[in-house]
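Right, one structure below, let's go through it.
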Amino acid sequence: VYYASHTGDPRVLNEDFKQADRYICRGGPDEEFASQFNWRAFRFVLVTGLKRKPSSSDAVAELITTDLPRCGTFECSDAVLNRLHELVVHTFRCTTLGGIQVDCPHRERLGYGAEGQGGLPQAVYNFDAAAFYAKWARDFQDGQDTDTGLVYYTAPFRIHSGGGPAWSGACVVYPWNVYLFYGDKRVLADGYPTMRRWLAWLDTQTTDDGLLRPYGLPKMNIWQYLGDWASPRRPEDTLPCNGHWTSDEENRVFNDLHHYLQVTLTGRIAAILGHADEARAYQEQATELRQAINRAYFDPQTARYTRGEQQQTYLAFPLLLDIVPAEHRERVLRNLVDDIVRKRDGHLDYGVLGGVYTLAELIRAGRSDLIYSMVTQPTWPSYRQMIEQGATTLWEHWRAGDSSIHNSFLAIGGWFYSGLAGILPDPDSPGFRHVIIRPQLVAGVTWARATFASMYGESESRWEVDGNRF
C-alpha cells in the first residue's frame, strides 16, 4: 500500500487513495516486481505478507516525470528559502506526467488549466519548458468544442472536473509565456485561432456591459465558475476539503479581471502576428472592460474592489493589470500592504492564481520584503509552516488533510529568480535576447545567487550584503 501522507502514519492522515499492488510470488530465489502500466505517488510504502522483514536495499523508488532539462539554479543564505526552492522543483517534477502537469499524481491526475498557470512562473526559470507548454497548449486547442468554441477546464478534458474562465484561459496564457521566455512566434500563430474562438464564446456569456454572467458547463459537478481557488480556509467554511469557498462577489471580480487579462494578451498576440484590425478591436474591448469593471466593483471611498474579509488577491490583481484608476492607485497599493503587514501580521492570504498575481505585483512594486515575510512566517498560513510540519512536497491547501503533493502553490518558485535575483525577460525582446537584471534585497538574506540559461546564453545574478556594503 502506498501512502502519500507527509505524516507517515495512516491513523493521522491516510492518503493512500486506493493505491495498492498485490504480487503473488512464484517461489523462486530471485523475484522482482515493478509496475509497468501505472505509477504510484507515495512517501511511505507498507509491505505485508513477507516471511522476513525487508531491508532498505530490497526496494528502489524510481521517479516518473516528463524529462525536462534544467536551465536554472538558485541558492541563498536563508535555509528556509533554499529548502522551499527544493520542494518547488521536486513537486513540479513529480506532477509533470505524460507531457502535462497534473494537479496531483495520485487522486485526480488531471491537467487543470489554473493550476498549470500557477506552476508556470517557476517552471520557465527552472526548466527548459518551451516544448512542454507548447504541447500542453495544443492539448487545450485540440479539446476545444468544434461547434461552440468553448475551451474546457482541463487538457486532456475529463468530464466532472471543476474550474472557471481562468482555467480555460490557459489557451491564451501558455502560448504567451512560451513566446515571452523563448521567443517562439509559431506557438502564438498555432494558438491564435483557438484564442479567437474561445473569446468569442466567452462574449456570449456576458451582459450588455461586457461583464461575465456566472456560468457552468453542462454535465459538470458543483465546482463551477471558480475564482481564486484554494485560499486559506475560514472558520465558517463547510467545504469537504481544507480550502476556502470564495464568495459570489469575489468570483465575479476575479473572473472579470481574468477575462480582461485574456483579451489584453490576445490583442498583443494579434499585433505581433500582424493582425492590426483584430488587435485594435481587442484593445477597444479591453478599454470597455476596464471601465465596466471599475464601474461595477471599484469603491473610490475605500479604494477596494470587494467588500469581503479576504483582500490580497482582489487588490493585487487589478494593480497588476493597471486597471486601477491612476488617482487611486497609491491607495489601493497601500491597502494591499496594510492587509499583509497589519491585518495578517505578515501572512499571505491567497489561493492558486491569487498567488501568481499577488507575487507578481509585489515583485513589480519592489516589495520582496513582504514576500519574504509571507514565506518565512512560522505560523499558518505560510510555506515555512508547511515545511516545518514535515512537507517534502507542497500541499493542495495551506492546511494539511487533503493532498500532501499538489501543484497549487508553486508560483513562489519564480520569485527566487525574478525577485531576489532579479532576472527578468524584456517583453520587447522576447526569449531573453535582452535581459533585465534588477535584484531586490531583503533583510534576513545576506547573499543570493541564481543562474538562468536561455537560448541566447546564461545569465547570472549574484549579490552579497556585508553590513552596510552591497
Side-chain angles (χ1 to χ4, degrees), residues 3-10 12-15 17 41-44 74-76 78-95 101-107 114-115 118-119 121-123 126 228-235 237 239 241-244 310 312-313 340 344-356 358-359 362 368 370-416 419-420 442 444-445:
Y3 297 99
S5 167
H6 67 280
T7 68
D9 187 344
V12 176
L13 183 60
N14 189 292
E15 208 173 330
F17 297 113
F42 62 93
R43 184 172 173 185
F44 302 95
F74 171 83
E75 59 180 341
C76 71
D78 190 294
V80 172
L81 300 189
N82 290 335
R83 182 60 179 150
L84 178 56
H85 171 64
E86 293 172 357
L87 262 64
V88 166
V89 170
H90 186 55
T91 304
F92 183 76
R93 294 186 73 199
C94 289
T95 52
Q101 188 187 16
V102 298
D103 59 327
C104 55
H106 45 30
R107 192 182 67 209
E115 284 82 349
Q122 61 78 31
N126 283 312
D228 188 22
W229 173 245
S231 60
R233 188 177 179 88
R234 267 61 179 172
D237 279 318
L239 280 176
C241 65
N242 280 290
H244 169 55
Q310 184 181 10
Q312 290 177 18
T313 295
I340 298 170
R344 308 290 169 193
D345 196 23
H347 288 77
L348 60 85
D349 191 25
Y350 53 65
V352 175
L353 287 176
V356 175
T358 301
L359 295 170
L362 290 175
S368 279
L370 298 179
I371 299 175
Y372 180 73
S373 171
M374 293 191 290
V375 167
T376 58
Q377 290 295 328
T379 53
W380 180 88
S382 81
Y383 296 91
R384 175 182 168 183
Q385 189 256 2
M386 195 181 294
I387 292 171
E388 291 182 348
Q389 286 199 35
T392 55
T393 50
L394 297 184
W395 300 343
E396 179 180 10
H397 293 288
W398 293 109
R399 196 181 298 280
D402 296 287
S403 165
S404 293
I405 175 169
H406 230 82
N407 64 351
S408 298
F409 307 123
L410 296 178
I412 189 63
W415 169 64
F416 299 128
L420 286 178
V442 299
V445 179

Set of side-chain hydrogen bond (donor to acceptor under 3.5 Å, both in side chains) partners for [X], sequence neighbours left out:
X	result
H85	none
E75	none
T91	none
T7	S5

Tell me the closest heavy-atom pair linking [X] and [Y], and the distance in Å.
X	Y	value
Q310	S231	NE2-CB, 3.1 Å
V352	A230	CG2-CB, 4.0 Å
N407	Q101	CB-NE2, 3.2 Å
G351	F409	C-CE2, 4.0 Å
P121	G118	CD-O, 3.4 Å
S403	H406	OG-ND1, 3.0 Å

Using atom types as modelled, flag every donor-acceptor pair under 3.5 Å from a side chain in residues 387-395 to any protein atom, sequence neighbours excluded.
residue: E388; atom: OE2; partner: R384; partner atom: NE; Å: 2.8
residue: E388; atom: OE2; partner: R384; partner atom: NH2; Å: 3.4
residue: T393; atom: OG1; partner: S404; partner atom: O; Å: 2.7

Partners passing ring pair (Phe, Tyr, Trp, His ring centres under 6.0 Å) against Y372 (at least two apart in sequence or in another chain):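 With neighbours one apart ignored, the set is empty.
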Reported [atom1]-to-[atom2] distance for the pair [X] and [Y], which is rounded to 0.5 angstrom:
X	Y	atom1	atom2	value
D228	L353	CG	CG	6.5 Å
L370	L348	CG	CG	12.0 Å
S368	L362	OG	CG	8.0 Å
I340	T358	CD1	OG1	7.0 Å
F42	H106	CZ	NE2	12.0 Å

Who passes side-chain contact (heavy atoms from CB on, under 4.5 Å) against [X], sequence neighbours left out?
X	result
R344	R234, E309, Q312, D339, H347, D349
P105	W39, A41, T95, L97, I405
S373	Q377
R93	L63, T65, V89, F127

Residue pair Y350 / W398, side-chain heavy-atom distance below 4.5 Å: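 Contact flag for Y350/W398 side chains = yes.
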Between W229 and H397, ring centroids under 6.0 Å: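 Here the rings of H397 and W229 have centres that are less than 6.0 Å from each other.
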Verdict with supporting geometry, Y383 and V80, side chain to side chain contact (heavy atoms under 4.5 Å, CB included): CA-CA 9 Å; Y383 296 91; V80 172; over 6 Å; no
Side chain to side chain contact (heavy atoms under 4.5 Å, CB included) between L81 and W415, intermediate numbers included: CA-CA 10 Å; L81 300 189; W415 169 64; 4.1 Å; yes
Derivation and outcome, side chain to side chain contact (heavy atoms under 4.5 Å, CB included), residues F92 and N126: CA-CA 10 Å; F92 183 76; N126 283 312; over 6 Å; no
Side chain to side chain contact (heavy atoms under 4.5 Å, CB included) evaluation trace for C76 with N82: CA-CA 7 Å; C76 71; N82 290 335; 3.7 Å; yes
Salt bridge (charged side-chain N to carboxylate O under 4.0 Å, His left out) partners of residues 395-413, not counting sequence neighbours, each pair once: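 Output for this query lists R107-E396.
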E115 versus S408, side-chain donor and acceptor atoms under 3.5 Å: no
